[in-house]
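To start, the structure under review is shown below, and the notes come after it.
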Amino acid sequence: MALQTVISFSVLSLVMLILARGSHAGGIAIYWGQTGNEGTLEETCATGNYEFVNIAFLASFGNGQPPMINLAGHCDPYSDGCTGLSSDIKSCQAQGVKVMLSIGGGAGSYYLASKEDARQVAIYLWNNFLGGSRGTNQHWDDLAKYLSGYSKKGKKVYLTAAPQCPFPDALVGVALKTGLFDYVWIQFYNNPPCQYTSGNVGNLEDAWKTWTSDIPATKIFLGLPAAPDAAGSGFIPVDDLKSTVLPFIKGSAKYGGVMLWSKYYDDQTGYSSSIKSNV
């Protein structure tokens with residue numbers, strides 16, 4: 001997979017929680033679904049390393065086009081093959097893992113043309129997942145409001161977003177200001193002005209302080225590549241993360257944990273296992 005496609009996806013990725021159980025402090029979030037040989041969703045949850053698993057991605061929606069999920073080689077949406085994930089999701093939930101659906105993606109086709117378009121997408125997501133070309137920065141706040149409104153139907157809908165670390169995010173910055181987002185995992189990679197570089201954590205620390213002070217989210221996560229090859233830049237060696245970065249960011253009351261891209265790369269390095277006890 002091209003790095004730009006893999007890493008830039010969550011500039012615009014809004015994520016919805018299908019069901020939540022347990023606490024939300026100091027956990028690890030992982031993206032799953034874009035590489036066929038990364039194991040099943042059930043196996044991913046069974047590792048015991050992750051508090052959140054983000055299913056990636058619902059890559060097409062909005063502007064009148066039929067919504068379509070893309071999970072690489074895991075299942076075939078054209079033959080309803082992805083409905084089999086239901087049992088995996090239930091297994092994850094039984095283990096206390098929060099399973100999320102990530103909508104958007106770097107290679108997807110999605111566009112919210114109007115407030116009404118956002119409402120229709122919210123209805124689709126509710127009915128199909130929550131029980132009942134490249135984007136713009138328009139109407140993501142409307143989508144968040146409509147989805148949040150479904151919490152009044154008896155099941156809390158949790159919202160998260162994955163912006164880039166330059167502040168404010170060009171695409172979801174307005175939506176984040178609504179104060180409706182429970183978790184925000186910020187991409188501190190492929191962005192040299194605000195990421196870790198060769199032992200220098202100053203830019204990352206400055207960006208972290210800005211995000212945690214200006215965004216009204218419940219918890220904020222440090223988003224990192226799980227391997228050097230998982231991103232063009234921004235990988236933090238385990239020892240540096242443990243000794244320097246985590247002690248600093250854990251000082252914030254909004255600290256929620258670490259987000260990793262992705263399960264495939266984490267399998268190659270064992271990064272989550274190496275940091276879990278420190279997160």
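Atom CG of D142 is separated from atom CG of L112 by 8.5 Å, given to the nearest 0.5 angstrom. With values rounded to the nearest 0.5 angstrom, L58 atom CG is found 6.0 Å from I69 atom CD1. With rounding to the nearest 0.5 angstrom, the OH atom of Y271 is 5.0 Å from the CZ atom of F235. Taking CD of E38 as the reference point, atom CD of E43 lies at 10.5 Å (rounded to 0.5 Å). Within the model, atoms CG of D117 and CG of L143 stand 9.5 Å from one another, a figure rounded to the nearest 0.5 Å. A distance of 9.5 Å separates CG of D267 from OG of S273, quoted to the nearest 0.5 Å.
The side-chain heavy atoms of W208 and S252, taken from C-beta on, include a pair separated by under 4.5 Å. Side-chain atoms of W185 and T160, non-hydrogen and from C-beta on, do get closer than 4.5 Å to each other.
The aromatic ring centres of F61 and Y124 sit 6.0 Å or more apart.
Remark: of the listed residues Y50, W32, Y31, Y50 is the sole one forming a side chain to side chain donor-acceptor pair (under 3.5 Å) with D266.
Listed by chain and residue number, D214 satisfy the side chain to side chain contact (heavy atoms under 4.5 Å, CB included) test with K177 (two or more places apart in sequence, or in another chain). Checked against side chain to side chain contact (heavy atoms under 4.5 Å, CB included), N37 has the following partners two or more places apart in sequence or in another chain: T35, Y264. When the side chain to side chain donor-acceptor pair (under 3.5 Å) test is applied to S233, the partners found at least two apart in sequence or on another chain are Q195.
For Q164 and N191, the side-chain atoms include at least one donor-acceptor pair closer than 3.5 Å.
For the pair C165 and A207, the tightest heavy-atom approach, listed with the atom from each and the gap, is O-CB, 4.4 Å. Residues V245 and L222 approach most closely at CG1-CD2, 3.8 Å, considering heavy atoms. Considering every non-hydrogen atom in both P192 and N203, the closest pair reads O-ND2, 3.7 Å.
Both cation-pi conditions hold for K98 and F52: the charged atom is under 6.0 angstrom from the six-membered ring centre and inside a 45 degree cone around its axis. A cation-pi contact, defined as under 6.0 Å to the ring centre and within 45° of the axis, links K156 to Y158.
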